[in-house]
Amino acid sequence: MNSSKHTELANHAWSVADLLRGNYKQSDYGKVILPFTVLRRLECVLEPTRQKVAETAARYESQDIDGDYFLRKASGHSFYNKSALTLKMIAADPQNAAKNLQVYVGSFSENATEVLDKYEFAQQIKKLDSANLLYQVIGKFTDLDLRPEVVSNHNMGYIFEELIRRFAEQSNETAGEHFTPREVIRLMVNLLIAPDGDALSLPGVVRTVMDPACGTGGMLSAAEEHIKALNPDATVEVYGQELNPESWAICRSDLMIKGQDPENIAFGNSFSDDGHQREKFDYLLANPPFGVEWKKVKEDVEYEHTNLGDSGRFGAGLPRINDGSLLFLQHMISKMKPVDANGGGGSRIAIVFNGSPLFTGAAGSGESEIRRWILENDWLEAIVALPDQLFYNTGISTYFWILTNRKDAQHKGKVVLLDARDQWVKMRKSLGDKRKELGDGSGGKPNHIADITRLYGDAVAAAADAEHPQHGKVKVFDNTAFGYQRITVERPLKLRFELREETLAALLASKPVQKWAEERFLSREPELAAKAKARRKLTDEEETLFRDLAETETMLLAEALHPLKGSTWATKSEAQVAVRDAIVEAGVQGPMGATFTKALRDTMGVRAPEGEVQMVKGQKEPDAELRDSENVPLGKDVEEYLKREVHPHVADAWIDHTKTKVGYEIPFTRYFYVYKPPRQLAEIDSELKTIEAEIQALLEEVTE
């Protein structure tokens with residue numbers, strides 16, 4: 001079926017909107033159209049065996065036996081409908097349409113009714129019936145030919161996705177959260193499965209595929225089709241989980257129609273309610289929503305991170321709350337099959353990310369620790385950069401991450417970076433933010449999918465061969481190339497000391513001076529001192545007296561230090577001696593001790609390049625304002641780096657090794673940056689003169 005045909009069928013289904021207008025908001029059209037499309041598809045699939053199922057149902061009901069197994073066998077599918085009714089029969093009896101439709105829907109097997117329940121279909125039946133629209137809507141769908149011989153399961157997916165896209169546009173929702181462009185899925189599946197081509201062609205091969213954010217199931221369908229194309233006799237079992245009820249319902253019905261087990265598609269949030277606990281899969285792939293926060297499941301995720309650690313899914317680290325992309329990847333890694341002693345087993349993963357997971361988060365952050373965990377375990381096989389404007393809901397650049405725990409010899413300890421950002425053709429008509437697509441060789445388009453897949457297979461050789469035509473599009477790095485040491489470079493705190501109006505005010509307001517003033521006052525008022533010591537509340541009068549007399553003590557100290565205003569000292573000890581001498585000379589029993597000495601240093605000290613180096617316990621005290629951080633490649637000697645890069649500029653700097661952290665980031669675009677020199681000034685000047693002449697000519701035409 002070509003694209004115009006499935007668009008025509010989608011238009012037919014969406015034409016029901018003409019009937020709904022006035023009784024439904026535009027944003028609610030999909031609540032009717034989507035479940036009726038599913039219902040019509042189920043009916044068309046079951047039509048050839050409908051009579052046989054009805055006869056089987058009548059036989060077992062008369063014997064008071066459930067007969068579920070025999071009904072499935074009679075239908076030829078994992079679901080069935082026991083009713084003799086059809087949508088056409090229901091539409092022909094408008095007075096009883098609601099009652100008959102409820103009977104009809106209730107006659108489906110439980111796994112099918114569960115799908116329709118997710119659409120809250122019973123409520124829509126009542127609403128349509130009360131508006132006298134139900135029989136008309138049913139009539140519209142009886143004309144929609146969705147028989148499998150007319151519309152394959154693959155093309156049915158296109159129809160569902162087109163309807164969802166329109167529904168999302170009307171609702172101002174993000175259609176891209178529900179499905180991924182099919183050409184992107186084809187490329188993703190190619191890169192995921194292509195290295196296993198030989199193994200998949202073996203007789204009796206069985207493979208499991210899982211998508212933890214499966215949407216309508218497009219990726220699962222593409223993976224199954226790809227494996228079947230390599231080996232028609234292969235057994236492919238697909239699994240998934242989806243949070244959106246409409247998408248879940250479509251995916252589940254798709255599996256029922258294909259003969260897969262619909263129970264394999266779990267409903268709910270993969271983070272807080274893992275629908276496939278303790279299960280492992282051969283292939284995992286996903287296009288999780290970009291930049292979506294995980295605040296709703298924060299408690300569950302943090303509990304698992306804290307209490308289960310490495311035995312749970314999120315032991316490596318937690319990303320920032322506003323982007324759960326790396327949580328999906330950790331979840332998928334937890335479901336990889338272990339590699340056995342003979343090198344068998346293992347899994348492969350493909351996931352779509354935006355640029356954020358490549359570099360977001362400094363050393364020691366959750367994101368960096370997750371990248372470190374992945375790279376140090378040698379799971380990351382490659383990252384492929386895709387063109388921008390490729391997805392429906394965003395125009396930003398995107399990337400495939402390909403991971404596996406069974407790398408072949410040429411990939412061990414290495415990561416391939418493949419730049420496919422220029423592999424696209426412009427679409428004739430934009431769909432949301434999607435303005436570009438990957439050519440598949442049809443209609444005279446280049447076959448970008450095949451070209452990228454081929455280059456991916458030759459990546460290591462292409463990167464090593466400078467003569468290879470695609471050499472500039474591929475780079476191969478050791479895992480450690482993305483690691484770095486985040487070092488903290490300290491410089492000594494250097495101070496000179498002076499007493500000015502503002503430094504004196506700061507000294508008097510300091511805690512040691514205030515405490516001294518309070519103690520001086522209380523020593524003269526034993527009754528108040530006893531009351532304060534017993535933690536009894538003072539009266540308002542006592543509070544005022546306390547405050548006034550304590551202030552008097554600080555004023556005495558201020559008068560004692562007044563003669564020193566404007567003085568400066570080169571060292572801390574000189575300043576301290578001068579202050580103490582002034583206090584003694586004034587006859588004031590001033591504050592003493594280490595805390596007062598520190599207050600003097602903190603309030604009177606002024607940073608100066610030529611000042612005295614401050615010491616703490618025999619060690620130079622670092623100046624927090626001059627503190628700096630540097631990234632040093634992993635494996636490099638940080639002290640050598642300090643001598644080479646820092647000491648020529650700041651000779652007294654040192655590294656605080658207790659603060660050193662290891663981080664990992666993958667600055668993809670930096671590796672493929674090509675410098676373009678600016679144009680010559682003469683060329684720019686000539687261009688400006690040409691433009692000025694054109695403007696002048698246009699102005700002359702206007703004035704004439």
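Just so it is clear, the values below take in all heavy atoms, side chains as well, and ignore hydrogens, waters and symmetry mates.
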Report task. Look up atom CD1 in I396 and atom CG in L390, then write down how far apart they are to the nearest 0.5 Å. Result -> 11.5 Å
Query - Over 12 non-hydrogen atoms of neighbours within 6.0 angstrom of CG in D198 - result: no
Query - Carboxylate-amine/guanidinium contact K473 D451, below 4.0 Å - result: no
Report task. Kindly check if the number of other-residue, nucleotide or ligand heavy atoms within 6.0 Å of NZ (K659) is above 12? Result -> yes
Query - Any donor-acceptor N/O pair, R371 side chain to G483 backbone, under 3.5 Å - result: no
Requested in this report: Can you sort out the partners of K280 under salt bridge (charged side-chain N to carboxylate O under 4.0 Å, His left out), two or more places apart, ordered by chain and number?
Outcome: none
Query raised in the report: Which pairs pass ring-ring contact (aromatic ring centres under 6.0 Å, His included) with one or both residues in residues 414-473, sequence neighbours excluded?
Result: none
Requested in this report: Name all pairs fulfilling the ring-ring contact (aromatic ring centres under 6.0 Å, His included) condition that reach into residues 346-365, sequence neighbours left out, sorted by first residue then second.
Outcome: F353-W401
Requested in this report: Using the test side-chain contact (heavy atoms from CB on, under 4.5 Å), find all partners of D273 that sit at least two apart in sequence or belong to another chain.
Outcome: none
**Report entry** Atom OH of Y671 with >12 non-hydrogen neighbours under 6.0 angstrom
**Finding:** yes
Query raised in the report: Side chain of D465, backbone of A461: donor and acceptor closer than 3.5 Å?
Result: no
Query - Whether T216 side chain and C251 backbone form a donor-acceptor pair below 3.5 Å - result: no
Query raised in the report: Between atom SG of C214 and atom CG of L243, what is the distance when rounded to the nearest 0.5 Å?
Result: 10.5 Å
Query - Presence of salt bridge, E381 and R348, under 4.0 angstrom - result: yes
Query raised in the report: Taking 4.0 angstrom as the limit, do K258 and D254 come out as a salt bridge?
Result: yes
Query raised in the report: Distance-only, no hydrogens or angles: does the D628 side chain make a donor-acceptor pair with backbone N or O of V489 under 3.5 Å?
Result: no
Report summary line: Closest non-hydrogen atoms of G413 and D378, given as atom of the first, atom of the second and distance, are N-OD2, 2.9 Å
Query - Under the side-chain hydrogen bond (donor to acceptor under 3.5 Å, both in side chains) test, residues paired with T208 that sit two or more places apart - result: D282
**Report entry** Side chain Q423, main chain L438, donor-acceptor under 3.5 Å
**Finding:** no
Report summary line: Between F391 and N287, the two heavy atoms sitting closest are CE2-ND2, 3.6 Å
Report task. Say whether, by atom type as modelled, one donor and one acceptor occur between the side chain of T404 and the main chain of S347 under 3.5 angstrom. Result -> yes
Requested in this report: Check Q260 against V238 and note the closest heavy-atom contact, atom names and distance.
Outcome: OE1-N, 3.6 Å
Query - Separation of R186 CZ from I449 CD1 (nearest 0.5 Å) - result: 4.5 Å
Query - Flag if over 12 foreign heavy atoms under 6.0 Å of NZ, K298 - result: no
Query - Partner set under side-chain hydrogen bond (donor to acceptor under 3.5 Å, both in side chains) for D419, not counting sequence neighbours - result: R421
**Report entry** Electrostatic pair K445-D440, nearest N-O below 4.0 angstrom
**Finding:** no
Requested in this report: Report the residues that fulfil salt bridge (charged side-chain N to carboxylate O under 4.0 Å, His left out) with D196, sequence neighbours left out, ordered by chain and then residue number.
Outcome: R406
Query raised in the report: Between N405 and K337, which heavy-atom pair has the shortest distance, and what is it?
Result: ND2-O, 2.7 Å
Query raised in the report: Is it the case that more than 12 heavy atoms not belonging to R278 sit under 6.0 Å from its CZ atom?
Result: no
Report summary line: Those residues at least two apart in sequence (or on a different chain) that pass side-chain hydrogen bond (donor to acceptor under 3.5 Å, both in side chains) with D261 are none
Requested in this report: Ignoring hydrogens and angles, tell me if any N or O in the side chain of K228 forms a donor-acceptor pair with the backbone of A234 under 3.5 Å.
Outcome: yes
Query raised in the report: Which heavy atom in L191 sits nearest to a heavy atom in P195, and how many Å separate them?
Result: O-CD, 3.7 Å
Report task. Say whether, by atom type as modelled, one donor and one acceptor occur between the side chain of S368 and the main chain of S365 under 3.5 angstrom. Result -> no
Query raised in the report: Mind checking whether F314 and F271 have parallel, tilted or perpendicular rings, split at 30° and 60°?
Result: perpendicular
Report task. Could I get the full list of ring pair (Phe, Tyr, Trp, His ring centres under 6.0 Å) partners for Y484, not counting sequence neighbours? Result -> none
Query raised in the report: Does CG in L202 sit with more than 12 non-hydrogen atoms of other residues, nucleotides or ligands closer than 6.0 Å?
Result: yes
Query raised in the report: For K636, does its backbone N or O pair with a side-chain atom of Q485 as donor and acceptor, under 3.5 Å?
Result: yes
Query raised in the report: Between R252 (side chain) and P262 (backbone), is there a donor-acceptor pair under 3.5 Å?
Result: yes
Report task. Name all residues meeting the side-chain hydrogen bond (donor to acceptor under 3.5 Å, both in side chains) criterion together with N264; count only those two or more places apart in sequence or in a different chain, and write none if there are none. Result -> none
Requested in this report: Could you list all the ring-ring contact (aromatic ring centres under 6.0 Å, His included) pairs where at least one residue sits in residues 214-233, not counting sequence neighbours?
Outcome: none
Requested in this report: Check the surroundings of atom CD in E299: do more than 12 heavy atoms from other residues, nucleotides or ligands lie under 6.0 Å from it?
Outcome: no
Query raised in the report: Any luck finding a side-chain donor-acceptor pair between S325 and D323 under 3.5 Å?
Result: yes
Query - Selection residues 188-224 - residue pairs positive for ring-ring contact (aromatic ring centres under 6.0 Å, His included), sequence neighbours left out - result: none
